[in-house]
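Report on the following structure.
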Amino acid sequence: MAATFVTTLDNPYDYFTQFDEWYAFDTQKGYNTCAYVARIAKTSSEMSEKDYENAVNDAVDEILDFNLTGNYVKAVEKQKKVEEKEVEADEVEEEKSNKE
């Protein structure tokens, strides 16, 4: 599952790759989105990383369900092409074994 977060339509910065700029814009506009998500997310310090991520994703979905201002949208982290490289490596190994 890709990591998600909530952002606003008018924020030109990427939450995942330009966090400092995204956060500065967000707080300057008075949205305080990180604090909003923290209030909604049901998290604890005892959660696994995966459970924590799921709780944040659930909070994002809840915020978007209500979306009282109509300004919130979901930001989704772009996945790296690690899986593609693994497949290519497996294919190379398979080709080597077929030649032997």
Side-chain angles (χ1 to χ4, degrees):
M1 173 186 275
T4 63
F5 204 74
V6 66
T7 189
T8 54
L9 289 169
D10 58 340
N11 194 329
Y13 302 103
D14 186 300
Y15 171 83
F16 297 101
T17 61
Q18 301 170 302
F19 181 79
D20 292 340
E21 295 89 347
W22 178 91
Y23 185 78
F25 182 93
D26 186 76
T27 55
Q28 181 182 27
K29 292 288 187 174
Y31 299 132
N32 300 307
T33 304
C34 289
Y36 186 21
V37 171
R39 286 192 308 273
I40 303 299
K42 296 165 182 71
T43 62
S44 79
S45 59
E46 298 171 3
M47 294 177 119
S48 70
E49 185 175 333
K50 184 68 175 167
D51 288 341
Y52 184 87
E53 185 177 303
N54 287 336
V56 169
N57 287 342
D58 289 345
V60 166
D61 290 340
E62 184 175 333
I63 289 168
L64 292 172
D65 284 344
F66 290 102
N67 202 2
L68 300 175
T69 64
N71 195 29
Y72 289 110
V73 293
K74 185 181 281 191
V76 180
E77 184 175 29
K78 295 178 178 90
Q79 296 294 313
K80 296 177 182 148
K81 295 188 177 186
V82 173
E83 295 170 7
E84 185 178 310
K85 290 180 181 179
E86 289 175 4
V87 171
E88 290 174 4
D90 290 343
E91 290 173 354
V92 168
E93 289 299 318
E94 187 177 318
E95 285 181 29
K96 285 182 182 178
S97 62
N98 287 340
K99 289 180 181 179
E100 293 174 355

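All residue numbers in this chain count up from 1 along the given sequence. Note that the coordinates shown come from a computational prediction; the quantities given were computed from them, not determined experimentally.
Between the CG atom in N54 and the OG1 atom in T43 there is a gap of 12.5 Å [rounded to 0.5 Å]. Here CG of N57 is found 13.0 Å from CD of E62. Values are rounded to the nearest 0.5 Å.
The minimum heavy-atom distance between L9 and G70, with the atom names listed, is CD1-O, 3.8 Å. Of all heavy-atom pairs spanning Y36 and I63, the tightest one is CE2-CG2, 3.6 Å. Residues A55 and A41 approach most closely at O-CB, 4.1 Å, considering heavy atoms. Considering all non-hydrogen atoms of both residues, K42 and M47 come closest at O-CE, 3.4 Å.
Residues C34 and F5 are in side-chain contact: their nearest non-hydrogen atoms beyond the backbone lie under 4.5 Å apart. The closest side-chain heavy-atom distance from K74 to L64 is below 4.5 Å. Side-chain contact between F25 and D10: present, with at least one pair of heavy atoms (C-beta onward) separated by less than 4.5 Å.
Linking Ile, Leu, Val, Met, Phe, Trp and Tyr residues whenever their side-chain heavy atoms come within less than 4.5 Å leaves Y52 and V76 in two separate clusters.
Using modelled atom types, no side-chain atom of D26 and backbone atom of Y31 make a donor-acceptor pair closer than 3.5 Å. For the pair N71 (side chain) and T8 (backbone), a donor-acceptor distance under 3.5 Å is absent. Formation of a donor-acceptor pair under 3.5 Å by the D14 side chain with backbone atoms of T17 is found in this model.
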Show the numbers, then the answer: is there a side-chain contact (heavy atoms from CB on, under 4.5 Å) between N67 and T69? CA-CA 6 Å; N67 202 2; T69 64; 4.1 Å; yes
Go through the steps for V73 and T7 under the test side-chain contact (heavy atoms from CB on, under 4.5 Å), then give the verdict. CA-CA 5 Å; V73 293; T7 189; 3.6 Å; yes
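A ring pair (Phe, Tyr, Trp, His ring centres under 6.0 Å) with W22 holds for exactly one of F16, Y13, Y15; it is Y15.
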